Engineer: 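First, the structure itself, so that you have it in front of you.
Numbering of ligands and ligand atoms starts at 1, following listing order. All values reported here derive from a predicted model rather than from experimental measurement. In what follows, every heavy atom counts, from backbone to side chain, and hydrogens, waters and symmetry copies are set aside.
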Amino acid sequence: MPETHSSPEEDKSVLQIWGKSSLKGHVTISGAKNSALVVMAGALLCPQDCRLRNVPSLADVSRMGEILASLGVKLTRQGDVLDINASYIGQSTAPYELVSQLRASFFVIGPVLARLGVARVPLPGGCAIGARPVDLHVRGLQAMGADVHIEHGTVNAYVKGPSRRLKGAKIYLDYPSVGATETLMMAATLADGETILENAAQEPEVIDLANFCRAMGAKIQGAGTKTIVISGVPSLHSADYAIIPDRVEAATFLVAGAITQSEISLSPVIPDHLTAAIAKLRAIGALITPESPNCLRISPGHGLTATDIETLPYPGFPTDMQAQFMALLTVSEGDSIVTETVFENRLRHVAELNRMGADIRVKGNHAVIRGVPTLSGAPVVATDLRASAALVVAALAAEGKTTIQGLHHLDRGYENLDTKLQKLGVKLQRLQGDSTTEVETAPLTPIAPN
Ligand code: EPZ
């Protein structure tokens with residue numbers, strides 16, 4: 001299954017974008033990364049075949065595949081269809097060298113513990129955007145009767161007793177963590193008795209995971225609300241499930257349309273998943289019209305106007321869209337304040353946007369953005385996944401050429417972004433290694449918009 005994706009160390013490729021692009025046409029949105037990753041982990045709960053559809057081709061998805069394979073799972077991929085068979089889990093320990101490269105791999109702890117009664121998963125550790133502790137995951141599993149202790153950087157969990165089965169429990173989450181909600185919901189599907197998760201995360205990806213587990217026979221109610229009730233069952237059965245479209249990718253293309261004052265359409269999307277983003281785009285001045293139940297069109301209004309944004313758990317404004325919207329606000333008339341409340345270190349794109357001529361000042365977790373008439377192309381470095389997307393959309397609106405380094409961040413979460421942008425009329429090229437070698441994928445002149 002593994003596709004080749006460059007590791008951070010060997011990632012010398014750069015993306016060159018010629019700005020002041022006018023976008024035109026339609027873009028197809030891929031399956032959701034943050035749903036595919038956890039649903040793949042969820043397949044560990046099932047001793048039979050599972051077929052997943054609309055699975056995006058991303059570095060993170062390949063890595064999750066490698067981690068499942070290291071536990072003994074069989075995986076085969078055909079296009080965006082992924083067949084997973086976890087009838088035999090030969091290993092209860094996830095390998096550090098793989099887990100350290102993908103935080104989401106910590107999601108395997110719930111399903112492996114629920115299936116085998118024992119699981120050892122290295123601590124995922126912090127990343128560019130924050131410390132990312134897993135205390136809520138651990139405390140929830142302990143409440144379900146697991147003995148969990150952290151030793152030598154590994155979370156060791158096991159369930160005592162003859163059945164080695166977790167027990168249903170009432171768990172209040174101090175913070176509506178997406179990952180902790182997903183870990184505990186998965187663990188509870190095979191537990192003995194009922195589990196009630198209070199102050200649970202309500203993100204669409206949590207609902208998608210619940211729907212996948214229900215397709216395998218799990219008994220889950222209330223996903224998408226603050227209270228999720230899971231009645232444990234002895235075992236689950238095979239399922240054929242399609243992953244939801246990626247709302248963060250969709251929002252990134254909507255911002256690309258707004259920042260270039262272009263008219264484009266995108267599908268498949270689930271507009272309800274984009275409520276906060278659409279509200280902010282309209283406040284900034286873009287026109288958003290539903291073309292059909294799963295297709296949106298963005299077109300220019302009367303210029304771009306400043307607005308304030310505060311990131312919050314769903315249904316609040318998503319932290320994964322914050323950087324892209326900040327890029328848009330750099331060329332929106334007036335002063336905007338962006339407040340990041342979910343992660344403690346997610347304003348690192350500010351320095352690179354200022355390198356492109358933006359006027360942003362940071363104070364704690366607030367960024368004050370004074371709109372400027374235009375940005376100018378410059379060499380910039382991506383510091384994390386969504387920061388890289390912000391630099392791409394900023395480059396689309398900038399005068400001249402922008403050269404973006406750190407593309408391994410981008411490739412973790414955006415499928416075929418280069419080609420999708422070229423189809424919308426963007427002039428770009430990806431250069432490998434010593435920057436003189438042009439990569440085959442990127443002809444210089446844009447592809448005629450469809
Ligand atoms: C998921 O991360 C997403 N990742 C993130 O997307 C997204 O930003 C985040 O949810 C919030 O929406 C995946 O789904 C793979 P959290 P997760 O647990 O589950 C604190 C992207 O760009 N916390 O909701 O790790 C934590 O430190 C990525 O696609 C604890 O304190 O997010 C953070 O401040 C980035 N203890 C806050 O909660 C815990 O045990 C939110 O984290 C768990 C979390």
Side-chain angles (χ1 to χ4, degrees), residues 30-42 56 58-61 63-64 67 99 101-110 121 123-143 148 150 155 171-187 197 199-209 243-244 246-252 273 276-277 311-325 340-349 365 382-390 409-415:
S30 302
K33 168 185 81 82
N34 289 346
S35 186
L37 294 175
V38 72
V39 165
M40 287 169 72
L58 299 167
D60 279 7
V61 169
R63 205 126 294 134
M64 182 60 93
I67 287 158
V99 170
Q101 295 178 44
L102 175 66
R103 284 192 41 74
S105 52
F106 192 74
F107 291 152
V108 303
I109 196 165
V121 181
L123 276 171
C127 75
I129 64 177
R132 318 283 296 263
V134 292
D135 55 316
L136 299 173
H137 303 238
V138 168
R139 250 185 282 143
L141 293 174
Q142 288 169 331
V148 187
I150 298 174
V155 179
I171 301 167
Y172 174 83
L173 292 174
D174 291 348
Y175 185 89
S177 151
V178 174
T181 301
E182 293 171 335
T183 289
L184 302 174
M185 188 167 71
M186 288 189 282
L197 292 182
N199 196 28
Q202 303 172 60
E203 270 70 1
E205 295 76 23
V206 170
I207 302 172
D208 210 28
L209 174 65
I243 304 285
I244 55 173
D246 196 315
R247 62 191 169 109
V248 185
E249 184 195 14
T252 304
H273 293 174
T311 65
L312 289 165
Y314 194 90
F317 186 90
T319 173
D320 295 348
M321 300 175 190
Q322 175 257 101
Q324 302 92 314
F325 272 75
E340 174 57 57
T341 74
V342 178
F343 289 106
E344 65 274 23
N345 191 19
R346 204 172 203 179
L347 294 174
R348 301 177 68 203
H349 38 280
N365 66 340
T383 47
D384 60 71
L385 167 57
R386 305 306 171 182
S388 60
H409 291 296
L410 197 66
D411 297 340
R412 287 189 41 224
Y414 290 90
E415 184 180 46

Engineer: Would you mind running through ligand 1 and noting each atom that sits below 4.0 Å from a heavy atom of Tyr175?
Structural biologist: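 Going through ligand 1 atom by atom, the ones under 4.0 Å from Tyr175 are 37 (C), 38 (O), 41 (C).
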Engineer: Do Val342 and ligand 1 have an N or O pair less than 3.5 Å apart?
Structural biologist: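 Such a contact does occur with ligand 1.
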Engineer: I'd like to check the ring pair (Phe, Tyr, Trp, His ring centres under 6.0 Å) partners of Phe317; sequence neighbours left out, ordered by chain and number.
Structural biologist: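 Applying ring pair (Phe, Tyr, Trp, His ring centres under 6.0 Å) to Phe317 gives Phe325.
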Engineer: What protein heavy atom sits nearest atom 6 (O) of ligand 1, and how far off is it?
Structural biologist: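 Looking only at protein heavy atoms, the one closest to atom 6 (O) of ligand 1 is Asp320 OD2, 3.0 Å.
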Engineer: Could you list the atoms of ligand 1 found under 4.0 angstrom from a heavy atom of Arg386?
Structural biologist: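 In order of number, 21 (C), 22 (O), 29 (O).
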Engineer: Strictly less than 4.0 Å: does any protein heavy-atom distance to atom 30 (C) of ligand 1 fall in that range?
Structural biologist: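 Answer yes: something from the protein, a heavy atom, is under 4.0 Å.
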Engineer: Report yes if some heavy atom in the side chain of Ile109 is under 4.5 Å from a heavy atom in the side chain of Val134; otherwise report no.
Structural biologist: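 Counting from C-beta outward, Ile109 and Val134 never come under 4.5 Å.
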Engineer: Give a yes or no on whether the backbone of Arg346 and the side-chain of Gln322 come within a donor-acceptor separation of less than 3.5 Å.
Structural biologist: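 Yes; at least one donor-acceptor contact below 3.5 Å.
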Engineer: So do the side chains of Asp246 and Pro56 get within less than 4.5 Å of each other, counting heavy atoms only?
Structural biologist: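 Not in contact.
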Engineer: Test your reading of the structure: does Gly179 have an N or O sitting under 3.5 Å from an N or O of ligand 1?
Structural biologist: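 Yes, since at least one N or O of Gly179 sits under 3.5 Å from an N or O of ligand 1.
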Engineer: Look only at the side chain of Thr311 and the backbone of Thr341, and say whether a donor-acceptor pair between them is shorter than 3.5 Å.
Structural biologist: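 Checking the backbone N and O of Thr341 against the side chain of Thr311, a donor-acceptor pair under 3.5 Å is found.
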Engineer: Please state which protein non-hydrogen atom is closest to atom 40 (O) of ligand 1 and give its distance, to 0.1 Å?
Structural biologist: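 For atom 40 (O) of ligand 1, the nearest protein heavy atom comes out as Leu136 N, 2.8 Å.
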Engineer: For residues His349 and Arg386, determine if any side-chain heavy atom of one lies less than 4.5 Å from a side-chain heavy atom of the other.
Structural biologist: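 Heavy-atom side-chain distance check fails, nothing below 4.5 Å.
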Engineer: Given Gly130, Ala201, Pro133, which has its nearest heavy atom closest to atom 27 (O) of ligand 1?
Structural biologist: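 The nearest heavy atom belongs to Pro133.
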Engineer: Ignoring hydrogens, what is the shortest heavy-atom contact between Leu184 and Leu141? Give both atom names and the distance.
Structural biologist: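 That would be CD2-N, 3.6 Å.
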Engineer: Which of the atoms in ligand 1, numbered in the order shown and given with their element, are less than 4.0 Å from a heavy-atom of His137?
Structural biologist: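 Matching atoms, with element in brackets: 40 (O).
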Engineer: Can you report which non-hydrogen protein atom sits closest to atom 36 (N) of ligand 1, along with the distance?
Structural biologist: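 Looking at atom 36 (N) of ligand 1, the protein heavy atom closest to it is Asp135 OD1, 2.7 Å.
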Engineer: Looking only at atom types and distance, does a side-chain atom of Glu340 sit under 3.5 Å from a main-chain N or O of Val342, one as donor and one as acceptor?
Structural biologist: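 Flag set: sc Glu340 to bb Val342 pair under 3.5 Å.
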Engineer: What protein heavy atom sits nearest atom 11 (C) of ligand 1, and how far off is it?
Structural biologist: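 The closest heavy atom on the protein side is Thr319 CG2, 4.0 Å.
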Engineer: Contact between ligand 1 and Glu205 is defined here as a heavy atom of the residue under 4.0 Å from a ligand atom; is it met?
Structural biologist: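 Glu205: no contact with ligand 1 (<4.0 Å).
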Engineer: Is the closest N or O pair between Lys33 and ligand 1 shorter than 3.5 Å?
Structural biologist: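 Yes - when backbone and side-chain N and O of Lys33 are compared with those of ligand 1, one distance drops under 3.5 Å.
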Engineer: Return yes or no for this condition: an N or O of Ile129 is under 3.5 Å from an N or O of ligand 1.
Structural biologist: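 No.
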Engineer: So which of Ala32, Ser177, Ala389 gets nearest to atom 18 (O) of ligand 1, if we judge by its closest heavy atom?
Structural biologist: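 Comparing heavy atoms across Ala32, Ser177, Ala389, the nearest one to atom 18 (O) of ligand 1 lies in Ser177.
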Engineer: Considering non-hydrogen atoms of the protein only, which is the closest contact for atom 32 (O) of ligand 1, and what is the distance?
Structural biologist: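 Atom 32 (O) of ligand 1 sits closest to the protein heavy atom Phe343 CZ, 4.0 Å.
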Engineer: Report, one line per pair, each donor and acceptor closer than 3.5 Å where one atom sits in a side chain of residues 30-41; sequence neighbours left out.
Structural biologist:
{"residue": "Ser30", "atom": "OG", "partner": "Glu415", "partner atom": "OE1", "Å": "2.5"}
{"residue": "Ser30", "atom": "OG", "partner": "Lys420", "partner atom": "NZ", "Å": "2.8"}
{"residue": "Ser35", "atom": "OG", "partner": "Asp208", "partner atom": "OD2", "Å": "2.5"}

Engineer: So, for Tyr314 and Glu203, which heavy atoms are closest and what is the spacing to 0.1 Å?
Structural biologist: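 It is N-OE2, 3.0 Å.
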Engineer: Nearest protein heavy atom to atom 2 (O) of ligand 1, by residue and atom, and its distance?
Structural biologist: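 Of every protein heavy atom, Arg132 NH2, 3.4 Å lies nearest to atom 2 (O) of ligand 1.
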Engineer: Identify which of Leu312, Thr341, Val178 has a heavy atom lying nearest to atom 1 (C) of ligand 1.
Structural biologist: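 Going through Leu312, Thr341, Val178 one by one, Val178 has the nearest heavy atom to atom 1 (C) of ligand 1.
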Engineer: Write out the residue and atom name of the closest protein heavy atom to atom 15 (C) of ligand 1, then the distance separating them to 0.1 Å.
Structural biologist: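 Residue, atom and distance for the closest contact: Asn34 OD1, 3.4 Å.
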Engineer: Indicate the ring-plane relationship of Phe106 and His137, choosing parallel, tilted or perpendicular according to the 30° and 60° boundaries.
Structural biologist: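 Phe106 vs His137 ring planes: perpendicular.
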Engineer: Are the side chain of Glu344 and the backbone N or O of Gly130 linked by a donor-acceptor pair below 3.5 Å?
Structural biologist: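 No, the answer is negative, given that no donor and acceptor are paired below the 3.5 Å cut-off.
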Engineer: May I ask whether Arg346 places a heavy atom under 4.0 Å from ligand 1?
Structural biologist: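 Contact check Arg346 vs ligand 1: positive.
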